Amino acid sequence: MSDITAAVDEVAASTLLANAQSLLGTQSVSDSGSLGPFNASWGASAFFSGGSIDLVPPDIVRITDCDLNYSLNLTVSFDLSSIIPDFCLPRVCIPTPFGRLCTPRICIDWPSVSIPISFSDVVRFTADFRFNVFLNSSSQWQVDAVIVGIPFLQLTPAATAILAAIGLAAAAILAPIPFIGPLLAGAVLLITATIGVAALTGWLGALLTPFVSGLSFTVYKQPQLFPVLPAAGPFDPAVNINLDNVAVAVDGSGGEDELVLTVDISA
Amino acid sequence: MSLTEAEHVFAGPHEAGVNDLFDAVFSARPRLLNYASFVPTSVSVTNIPPISFPMVGAIHYGVLFSIPIADFHPDSSGGMPPPLSLGPGEFSVRTTVTLILFCQGERKGRDDPPITTHVPKPSTSPIIAKLEVWGVGAPVVTTFAPGLGEISFRLRAVELVDVTPDELESLLECLIRMLLDAVLQQVRLPFNSLNAGFFQLNLQRGPEVEDDQAKLYGEIV
């Protein structure tokens with residue numbers, strides 16, 4: 001038998017998960033690229049919360065309904081001329097007693113516009129995790145629950161919402177531009193239709209998947225030279241023990257699934 | 001039966017693990033085992049006052065224990081002397097105690113010069129007696145706040161081996177029980193060390209000594 005055995009049930013494991021989620025904190029990425037025919041730059045941050053634990057012997061921790069809380073700062077930029085034909089007032093000449101008077105030909109070169117969008121949402125997913133026990137570079141025993149595979153993220157509703165947000169933002173930006181009042185509604189429709197829900201879903205998937213791909217929660221981390229008692233004066237130095245080996249498993253042999261940590265120690 | 005039983009978390013240091021903890025504590029702080037009146041306190045020894053007696057002055061002595069070895073119920077120590085027995089929830093401990101006495105004013109023979117002073121100096125060659133000691137007791141828990149607590153060990157009985165007559169044995173057993181109990185009381189193992197820092201234990205039940213383990217149950221703070 002191991003020197004130390006410690007176990008938690010699924011209720012306590014959920015508490016450990018919440019602690020691990022807090023420890024993981026908020027992660028961020030930023031990048032730029034194309035979104036359909038448009039240029040886009042974005043920054044995304046995400047953190048995890050919630051979820052309940054289902055321990056599955058011998059080595060699986062299933063986290064059900066874990067929330068990926070993300071925020072996007074997206075800027076879509078495009079040349080208005082690419083979707084609205086340039087507008088030209090033709091030259092008009094009028095004969096007068098003083099000769100022909102002609103107006104100049106006036107062409108409007110539609111500007112490039114940027115549409116900034118801030119968007120926050122939650123994607124709920126369920127995933128299986130396996131444990132990875134190792135001695136890290138800081139001589140600490142570490143137990144990580146590492147995600148198995150990439151979970152399916154239901155992104156279509158979020159994409160639809162983002163698309164609506166783009167439409168609203170585009171309408172607000174295009175409204176002050178002169179001469180295109182009648183074209184405004186069409187332009188907004190054209191922009192949103194050009195991007196499309198499918199494109200946004202794919203883009204969101206590419207953006208958010210890295211947050212969950214390889215996701216790991218640290219559920220145990222302690223120094224190999226483990227402090228038992230702190231120093232208590234000149235004649236009572238600190239007391240430490242060596243954690244010689246750490247192992248973790250999911251055990252259901254007792255009639256209840258438990259996460260069991262076993263440790264061998266030495267003085 | 002699951003490890004956590006009706007509670008949510010479980011910590012169960014095995015007797016071998018507790019002995020490793022004893023090794024760590026007593027190796028780092030040997031003065032918890034060694035007491036003497038003739039040396040100052042250091043990491044190795046704790047100074048205690050000498051025995052004072054009229055017309056003798058200071059009687060210097062020392063008490064040295066070896067690192068105790070614990071055995072949790074059921075008994076697997078192999079040789080616990082009667083009448084000691086290990087009951088449910090108890091642990092046994094075995095160690096050796098070395099008693100040192102600096103005898104004063106002793107004449108080697110009838111023809112030695114008579115003692116001429118009432119304040120003799122300690123002899124340079126002490127009398128040393130080494131005894132094997134067995135004891136039984138139970139762990140005691142102290143909690144300070146949710147998640148903060150410690151376990152120490154208290155003795156209820158001690159048995160010395162091969163000491164006669166019985167009255168002397170009883171006297172020494174009483175003395176050694178008090179001393180060894182005091183030694184063990186100074187070993188306070190924090191909850192954190194009993195689960196290797198896996199979680200912060202809010203103790204609700206235990207320690208229950210069985211299956212060679214000290215079992216603690218509760219929930220995570």
Side-chain angles (χ1 to χ4, degrees), chain A residues 1-19 55 140-141 143 219-248 251-267, chain B residues 1-32 40-47 67 150 186-202 211-221:
Chain A
M1 182 175 280
S2 298
D3 291 330
I4 292 174
T5 303
V8 299
D9 66 5
E10 290 178 341
V11 173
S14 293
T15 304
L16 286 181
L17 170 70
N19 295 341
L55 299 170
Q140 295 171 313
W141 282 105
V143 178
V219 295
Y220 178 80
K221 185 162 69 175
Q222 291 294 340
Q224 187 179 26
L225 189 62
F226 182 86
V228 176
L229 296 170
F235 306 125
D236 290 323
V239 177
N240 302 304
I241 54 171
N242 294 301
L243 306 185
D244 297 327
N245 190 47
V246 173
V248 67
D251 183 18
S253 61
E256 181 183 11
D257 295 330
E258 297 173 312
L259 178 59
V260 181
L261 181 87
T262 53
V263 184
D264 288 326
I265 64 173
S266 62
Chain B
M1 182 69 79
S2 63
L3 291 171
T4 55
E5 297 187 0
E7 276 65 42
H8 296 306
V9 302
F10 164 85
H14 188 266
E15 60 191 20
V18 170
N19 283 321
D20 286 334
L21 288 165
F22 278 1
D23 275 353
V25 171
F26 289 121
S27 296
R29 301 176 179 180
R31 79 180 189 92
L32 298 179
T41 294
S42 67
V43 171
S44 301
V45 184
T46 300
N47 177 262
I67 295 177
E150 59 192 21
Q186 296 178 77
V187 180
R188 299 187 179 101
L189 302 177
F191 289 165
N192 191 45
S193 69
L194 304 175
N195 62 28
F198 187 27
F199 46 74
Q200 196 172 2
L201 172 68
N202 184 21
D211 304 326
D212 298 324
Q213 289 178 296
K215 299 179 177 179
L216 302 107
Y217 303 87
E219 60 185 10
I220 292 179
V221 175

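From a predicted model like this one, the values you see are computed outputs, not experimental measurements. Sequence lines set the chain letters: A, B, ... in the order given, protein chains first and strands last, and positions in each chain run from 1.
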Practice problem: Measure A:V8 against the heavy atoms of chain B and call it side chain, backbone, both or neither at under 4.5 Å. | Solution: both

Self-check item: Contacting moiety of A:A13, where chain B heavy atoms sit under 4.5 Å
Solution: neither

Self-check item: Side chains of A:D3 and B:H14, donor plus acceptor under 3.5 Å
Solution: no

Exercise. Determine which residues belonging to residues 213-221 of chain B lie within contact range of chain A, meaning some heavy atom pair is under 4.5 Å apart, and list them by number or answer 'none'.
Key: B:Q213, B:I220

Quiz item: Quick one: side-chain contact (heavy atoms from CB on, under 4.5 Å) partners of A:S253, sequence neighbours excluded?
Solution: A:D251

Self-check item: Distance in Å, A:S266 OG paired with B:N19 CG, rounded so as to fall on 0.5 Å steps
Solution: 13.0 Å

Quiz prompt | Partner residues of A:F226 under the ring pair (Phe, Tyr, Trp, His ring centres under 6.0 Å) criterion, sequence neighbours left out | solution = none

Quiz item: Which residue out of B:A196, B:A24, B:P30, B:P190 racks up the most heavy-atom pairs below 4.5 Å with chain A?
Solution: B:A196

Exercise. Sort B:F199 into side chain, backbone, both or neither according to what part of it lies under 4.5 angstrom from a heavy atom of chain A.
Key: side chain

Quiz item: Do A:L229 and B:R29 have side chains that get closer than 4.5 Å, going by heavy atoms?
Solution: yes

Quiz prompt | For chain B, the option from A:A7, A:S2, A:A267 that forms the most heavy-atom pairs under 4.5 Å | solution = A:A7

Practice problem: Evaluate the side chain to side chain contact (heavy atoms under 4.5 Å, CB included) criterion for residues B:F10 and A:V260: first the C-alpha distance (whole Å), next the side-chain angles of each, then the deciding distance (0.1 Å), finally the verdict. | Solution: CA-CA 9 Å; B:F10 164 85; A:V260 181; over 6 Å; no

Quiz item: If you round to the nearest 0.5 Å, how far is CG of B:D23 from CD1 of A:I265?
Solution: 9.5 Å

Quiz prompt | Part of A:A232 lying under 4.5 Å from any heavy atom of chain B | solution = both

Quiz item: If you tally heavy-atom pairs under 4.5 Å against chain B, which of A:G252, A:G254, A:A12, A:G255 wins?
Solution: A:G254

Self-check item: A:F235/B:T46 under side chain to side chain contact (heavy atoms under 4.5 Å, CB included): CA gap, chis, key distance, verdict
Solution: CA-CA 9 Å; A:F235 306 125; B:T46 300; over 6 Å; no

Self-check item: A:T15 versus chain B, the contacting section by heavy-atom distance below 4.5 Å
Solution: side chain

Quiz item: Can you say whether B:E7 sits under 4.5 Å from chain A via the side chain, the backbone, both, or neither, judging by heavy atoms?
Solution: backbone

Quiz item: Between B:G197, B:S44, B:S193, which shows the greatest number of heavy-atom pairs under 4.5 Å with chain A?
Solution: B:G197

Quiz prompt | Any side-chain heavy-atom pair of B:F198 and A:L259 under 4.5 Å | solution = yes

Self-check item: Part of B:T4 lying under 4.5 Å from any heavy atom of chain A
Solution: both

Self-check item: A:D264, part contacting chain B, at a heavy-atom distance under 4.5 Å
Solution: neither

Practice problem: Output the option from A:L261, A:I241, A:V263 having the highest count of non-hydrogen pairs under 4.5 Å with chain B. | Solution: A:L261

Practice problem: To the nearest 0.5 angstrom, please state how far the OG1 atom of A:T5 sits from the CG atom of B:D211. | Solution: 11.0 Å

Quiz prompt | Pairs where residues 221-237 of chain A contributes a residue and the test side chain to side chain donor-acceptor pair (under 3.5 Å) is met, not counting sequence neighbours | solution = A:D236-B:R31

